[in-house]
Amino acid sequence: MVFGLAGCQSAAPVPPKKPASKPPVSTTVEKPDVATQGSRPAPTSPYALLTPVNWSAMPGVESDNWVASWAAWLQSCQGLKKKPDWQAVCAAAPTVKSDDANAIKAYWQQYFNVYATQQADGAQQGMITGYYQPVLKGAKAASERYPFPLYKVPADLITVNLSNLFPELKYKRVRGRVQGQTLVPYYTRTEIEQLQSPLLGNELLWVNDAVEAFFLQVQGSGIVELESGERIPVGYADQNGHPYQSIGRLLVERGELTASEASMQGIKVWGQQHPDQLQGLLNANPSYVFFKLLPTGLSGPLGALGVPLTAARSIAVDPFYIPLGAPVYMATTYPYPDSDTPLQQLMVAQDTGGAIKGGVRADIYWGDGEAAGKLAGAMRQQGQLWVWLPKTFKLPQQ
């Protein structure tokens, strides 16, 4: 899920033909993200699950397209260059020829160490999913054709950064609204979506499809295309504070879809077939995202790092386990046409997401439009991650 902007016009990449050998990625089931796994407690300090390894530990790294990932790394440096741990490596990056694969590889090996990450229970595998930037049909005013609002951040939404009060709760925030002298939970999706919504008058834009509006919130950014042809990028501005609940998982639990059918496309088809049950299904996810208008002309949507994302090279991660902005080597597989087709390449951790939790968990940004949406909707693979950090980066004591 992207918490950013929109504007990327790149098409999603086509998976390569299947090679002779399979990648060394297991097909074990994803471990749940919980506070503890078995007898091993979850870490209490950031990046505590990172373990130093040799360069050779990463499968396929020698054959990666170093030039293709370089532009994404330069974008990361725009968000990192003022941070002490990253200043030296980002200062050196512009001196490297961007079309020289050997020079780029030498840069990585000169300035960075490699760390394997894992789940809290020690598992090396985790879930790799995908997201994209949808294009919705919309308008600046409500009408019979465009009845579904996208809301901007309401004035009564209060956000409390708990780390200001309790340093051990870094990255923890609570959201709510003031009722009398008490901070109470903010409105749920059910409350917001009722006919007399408490957010009436707070509309940003209007769109023509409730399901598309829902998945825009899941993706976090998108483009609203007006009848005039004007394309308005919108991006994540805030959230109501309620936890994200997967409606696809709910449909599987109810026996209405199989696990393989519970993709974004499968859920949309289910909604078309069950219009009278659709709103109840959407309301099962109490989380609700608010949007803001964003500048046009950017090379990609803005992620949590504040820089434009790059299709097929930017990922969302859990920043408690992986530093935001860091290069991350990924070994997984494409979701189709053959799930044995390796996807082994350098990515950059430039985004976060409400559903992206754990030490081995990533969400690939595939671009915008229909082709990207197909990849993102089908992407639910097992994979491994290796984090690259500057040799001067100070990890917590483990």
Side-chain angles (χ1 to χ4, degrees), residues 1-6 133-160 173-228 230-245 247 250 267-268 271-272 274-296 301-302 353-355:
M1 176 190 297
V2 60
F3 286 172
L5 167 134
Q133 185 168 245
V135 180
L136 292 77
K137 300 294 184 182
K140 294 181 179 180
S143 67
E144 185 175 347
R145 185 172 183 178
Y146 302 106
F148 304 106
L150 305 179
Y151 288 110
K152 56 189 176 183
V153 178
D156 62 344
L157 177 66
I158 304 296
T159 300
V160 180
R173 292 180 174 86
V174 296
R175 294 173 176 86
R177 58 189 175 89
V178 175
Q179 191 173 73
Q181 295 184 328
T182 304
L183 185 68
V184 299
Y186 203 73
Y187 301 111
T188 64
R189 179 179 297 275
T190 300
E191 294 169 319
I192 292 171
E193 296 281 21
Q194 62 185 314
L195 187 60
Q196 293 299 316
S197 173
L199 300 188
L200 286 175
N202 205 57
E203 298 85 358
L204 185 67
L205 292 168
W206 301 80
V207 297
N208 67 340
D209 190 298
V211 177
E212 294 290 348
F214 177 90
F215 279 108
L216 175 65
Q217 293 188 35
V218 174
Q219 302 305 315
S221 72
I223 297 171
V224 177
E225 186 174 73
L226 308 184
E227 291 183 3
S228 64
E230 180 184 357
R231 293 163 64 92
I232 302 176
V234 296
Y236 173 92
D238 213 329
Q239 187 257 0
N240 66 344
H242 291 274
Y244 173 84
Q245 301 291 336
I247 61 174
L250 179 60
I267 294 170
K268 288 179 179 180
Q272 294 167 356
H274 303 83
D276 56 328
Q277 301 176 47
L278 177 59
Q279 191 59 56
L281 175 69
L282 301 182
N283 287 346
N285 175 22
S287 174
Y288 201 93
V289 170
F290 307 112
F291 292 96
K292 60 184 176 182
L293 301 179
L294 295 165
T296 58
L302 295 181

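Throughout, numbering of the chain's residues begins at 1 and tracks the sequence.
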Assess whether side chain to side chain contact (heavy atoms under 4.5 Å, CB included) is satisfied between Tyr244 and Asn285, documenting all intermediate values. CA-CA 6 Å; Tyr244 173 84; Asn285 175 22; 3.6 Å; yes
Walk me through it: do Arg177 and Tyr187 pass the test side chain to side chain contact (heavy atoms under 4.5 Å, CB included)? CA-CA 8 Å; Arg177 58 189 175 89; Tyr187 301 111; 3.4 Å; yes
Report yes or no: does [X] contribute a side-chain atom to a donor-acceptor pair with the main-chain N or O of [Y] at less than 3.5 Å?
X	Y	value
Ser197	Ile192	yes
Thr182	Val184	no
Arg175	Gln239	yes

Identify the heavy atoms of [X] and [Y] that sit nearest to each other, and give their distance.
X	Y	value
Glu203	Leu200	OE2-CA, 3.7 Å
Asn208	Pro147	CA-CD, 4.3 Å
Ile223	Arg231	CD1-NH2, 3.2 Å
Pro185	His242	CB-CE1, 4.1 Å
Val289	Gln217	N-OE1, 2.8 Å
Gln133	Ser221	OE1-OG, 3.7 Å

As an exercise, state the distance from [atom1] of [X] to [atom2] of [Y], rounded to the nearest 0.5 Å.
X	Y	atom1	atom2	answer
Leu250	Leu281	CG	CG	6.0 Å
Tyr288	Thr190	OH	OG1	11.5 Å
Glu193	Leu199	CD	CG	9.5 Å
Ile158	Leu183	CD1	CG	7.0 Å
Asp238	Lys152	CG	NZ	14.5 Å
Tyr151	Phe291	OH	CZ	13.0 Å

Consider only side-chain N and O atoms of Gln245 and Arg189, and report whether a donor and an acceptor are under 3.5 Å apart.
->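 Short answer, no.
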**Prompt:** Of Lys137, Lys140, Arg145, which is the lone residue that meets salt bridge (charged side-chain N to carboxylate O under 4.0 Å, His left out) with Glu227?
**Reply:**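 For Glu227, the salt bridge (charged side-chain N to carboxylate O under 4.0 Å, His left out) test succeeds with only one of Lys137, Lys140, Arg145, which is Arg145.
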Would you say the side chain of [Y] lies within less than 4.5 Å of the side chain of [X], judging by non-hydrogen atoms?
X	Y	answer
Val234	Leu216	yes
Asn240	Ser287	yes
Leu278	Val211	yes

| task | Kindly determine whether Trp206 and Val224 satisfy side chain to side chain contact (heavy atoms under 4.5 Å, CB included), including the steps that lead there. | result | CA-CA 9 Å; Trp206 301 80; Val224 177; over 6 Å; no
Let me see the working for Ile267 and Phe214 under side chain to side chain contact (heavy atoms under 4.5 Å, CB included), right down to the final yes or no.
-> CA-CA 11 Å; Ile267 294 170; Phe214 177 90; over 6 Å; no
**Prompt:** According to the interplanar angle, ranging from 0 to 90°, do the rings of Tyr186 and Phe290 count as parallel (below 30°), tilted (30 to 60°) or perpendicular (above 60°)?
**Reply:**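 Ring orientation, 0 to 90° scale: perpendicular.
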